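Predicted, not measured: the structure shown is a model, and the values here were computed from it. Remember, it's 1-based here, ligands and their atoms both numbered in the order they're listed.
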Amino acid sequence: MKDNRLLEVKNLKYSADGKEIIKGVNLDVKEGEIHVILGPNGAGKSTLANLIAGAVGYEEPTEGEIIFDGKLLNGKPIYERAKLGLTIAFQEPARFEGITVEEYLKLSARNNPDANIEECLRKVGLEPCEYLHRYVDESLSGGERKRIELASIMCMKPKLAVLDEIDSGIDFVSIDEIGNLFKTMRDEGTTLLVITHRENIANIADRASLMCDGRIVETGNPKEIIKKFEKECLTCTVQNPEVLKEINLNK
Ligand code: ADP
Ligand code: MG
């Protein structure tokens, strides 16, 4: 049987400044799926995303393995992972002084001869004639930068895209709009690992994982994961000491 796991994260641990942030994450992402990681603020979602992508300072986990397309990624810098077909949209997208949107998207599309950069811009709701000549700097709003980041990933068409809260700060008209975009990307061959704390984004996933306190506590059907998130995270004893106090008092 073909092993369709595109990404395997095994017993991953990561500490920074003497604090353990990722405490033994196990996660599989299957080829061709939209996999959502749902979890409260501070759960370690961005740290996990940075470790998977090999962001600067996150190339080497403290423990564990990250395997992508059968290759061990530990220690590899971000550009080597990108060459293998793994890309990330950071929670805070980078700015590139002196580069226009057109140049930025052309750079993203350099290994994808089928890319149509104008089409990618339209898909994220930006009119090419208004944006192609703008600069990818602080003159763009946060939402516009996130849309351009998404367009850049569509131009690149990687095997796996890690999208860290691409939905926050983006003024998409509706969840349907962003959900349809994710589905188009998936159907065109990009596996998606979508990080969010919004339940309605998790609804469009093929599978979902719940992250809490540096661990993936469950993976499965998105509906079940959302239920667990609502039931357990909103009254979380790890993130809300007050709730823990109350539970102890009622024991
Ligand atoms: P999330 O994306 O789920 O909101 P993060 O991965 O950003 O969570 O952060 C998880 C926890 O780790 C937070 O408590 C955060 O303050 C802490 N953290 C993140 N980066 C560092 C760092 N470089 N040094 C110390 N603590 C950090
Ligand atoms: Mg985050």
Side-chain angles (χ1 to χ4, degrees), residues 7 9-27 29 34-66 73-75 77-78 81 86-95 142-143 145-147 149-150 153 160-172 175 178 182 192-202 204-205 207-219 222 225-226 228-244:
L7 179 76
V9 176
K10 293 182 183 169
N11 189 34
L12 195 74
K13 295 186 183 174
Y14 184 77
S15 299
D17 298 337
K19 183 184 161 203
E20 193 173 46
I21 302 169
I22 300 297
K23 303 177 180 179
V25 162
N26 290 294
L27 174 73
V29 178
I34 299 176
H35 193 123
V36 160
I37 296 182
L38 196 61
N41 277 329
K45 303 183 299 298
S46 291
T47 307
L48 175 61
N50 289 340
L51 287 163
I52 292 171
V56 174
Y58 294 88
E59 296 89 346
E60 197 65 75
T62 315
E63 229 182 287
E65 290 184 341
I66 302 172
L73 295 185
N74 295 41
I78 189 163
R81 300 184 199 204
L86 195 173
T87 194
I88 183 170
F90 290 108
Q91 191 165 350
E92 296 299 332
R95 295 170 209 164
R145 285 216 313 283
K146 288 209 168 186
R147 284 176 192 253
E149 199 71 3
L150 203 51
I153 290 177
L160 175 69
V162 180
L163 307 178
D164 190 2
E165 304 229 6
I166 197 117
D167 54 304
S168 4
I170 212 169
D171 44 346
F172 271 96
I175 293 300
I178 198 160
F182 290 166
L192 296 177
L193 182 59
V194 178
I195 291 166
T196 185
H197 58 247
R198 289 203 206 173
E199 298 160 40
N200 41 15
I201 292 283
I204 58 112
R207 286 199 306 152
S209 292
L210 184 60
M211 185 160 191
C212 173
D213 190 27
R215 293 182 183 88
I216 298 289
V217 290
E218 198 170 319
T219 293
I225 297 297
I226 292 167
K228 204 174 160 88
F229 177 70
E230 284 172 345
K231 194 165 153 250
E232 296 181 17
C233 295
L234 301 179
T235 56
C236 181
T237 53
V238 175
Q239 317 258 315
N240 302 320
E242 291 307 314
V243 176
L244 184 63

Practice problem: Check Glu165 against ligand 1 and report side chain, backbone, both or neither, counting heavy atoms closer than 4.0 Å. | Solution: neither
Practice problem: Give the residue and atom name of whichever protein heavy atom lies nearest to atom 10 (C) of ligand 1, and the separation in Å to one decimal. | Solution: Gly42 O, 3.4 Å
Quiz item: At the Mg ion (ligand 2), what's the angle from Ser46 OG to Gln91 OE1, rounded to 10 degrees?
Solution: 70°
Exercise. Please verify whether a non-hydrogen atom of Gly39 lies at under 4.0 Å from ligand 1.
Key: no
Exercise. Verify side chain to side chain contact (heavy atoms under 4.5 Å, CB included) between Ile225 and Val36, making sure each step is shown before the conclusion.
Key: CA-CA 10 Å; Ile225 297 297; Val36 160; over 6 Å; no
Quiz item: Hey, does Val29 have a side-chain heavy atom less than 4.5 Å from the side chain of Val9?
Solution: no
Quiz item: Can you list the atoms of ligand 1 that are under 4.0 Å from a heavy atom of Asp17?
Solution: 24 (N), 25 (C)
Practice problem: Starting from atom 14 (O) of ligand 1, locate the nearest protein heavy atom and write down its residue, its atom name and how far away it is, to 0.1 Å. | Solution: Lys19 NZ, 3.1 Å
Practice problem: Please could you name the atoms of ligand 1 that Ile21 approaches to less than 4.0 Å, counting only its heavy atoms? | Solution: 10 (C), 11 (C), 12 (O), 18 (N), 19 (C), 20 (N), 21 (C), 26 (N), 27 (C)
Practice problem: Say whether Ser46, considering both its backbone and side-chain N or O atoms, lies within less than 3.5 Å of an N or O atom on ligand 1. | Solution: yes
Exercise. Look at the side chain of Arg81 and the backbone N and O of Ile52, then say whether any donor-acceptor pair between them is shorter than 3.5 Å.
Key: yes
Quiz item: So how far is it from Lys45 NZ to Met211 CE, rounded to the nearest 0.5 Å?
Solution: 8.0 Å
Quiz prompt | Main-chain N/O of Asn11 paired with Asn26 side-chain donor or acceptor, under 3.5 Å | solution = yes
Quiz prompt | Distance in Å, Glu60 CD paired with Leu51 CG, rounded so as to fall on 0.5 Å steps | solution = 10.0 Å
Exercise. Check whether any side-chain heavy atom of Phe182 lies under 4.5 Å from a side-chain heavy atom of Leu163, and answer yes or no.
Key: yes
Practice problem: Applying side chain to side chain contact (heavy atoms under 4.5 Å, CB included) between Leu12 and each of Thr62, Ile216, Leu48, Leu27, report the one that passes. | Solution: Leu48
Practice problem: For atom 22 (C) of ligand 1, grab the closest protein heavy atom and report residue, atom and distance to one decimal in Å. | Solution: Ala16 CB, 3.7 Å
Exercise. Would you mind telling me which of Val25, Leu86, Asn74 makes a side chain to side chain contact (heavy atoms under 4.5 Å, CB included) with Ile66?
Key: Asn74
Exercise. Using a strict 4.0 Å cut-off to heavy atoms of Gly44, name the atoms of ligand 1 that fall inside it.
Key: 1 (P), 3 (O), 5 (P), 6 (O), 8 (O), 10 (C)
Quiz item: Under a heavy-atom criterion of less than 4.0 Å, does Pro40 contact ligand 1?
Solution: yes
Quiz item: Is Lys45 close to ligand 1, meaning an N/O of one under 3.5 Å from an N/O of the other?
Solution: yes
Practice problem: For Thr47, take its heavy atoms, then give the atoms of ligand 1 lying under 4.0 Å from any of them. | Solution: 5 (P), 6 (O), 9 (O)
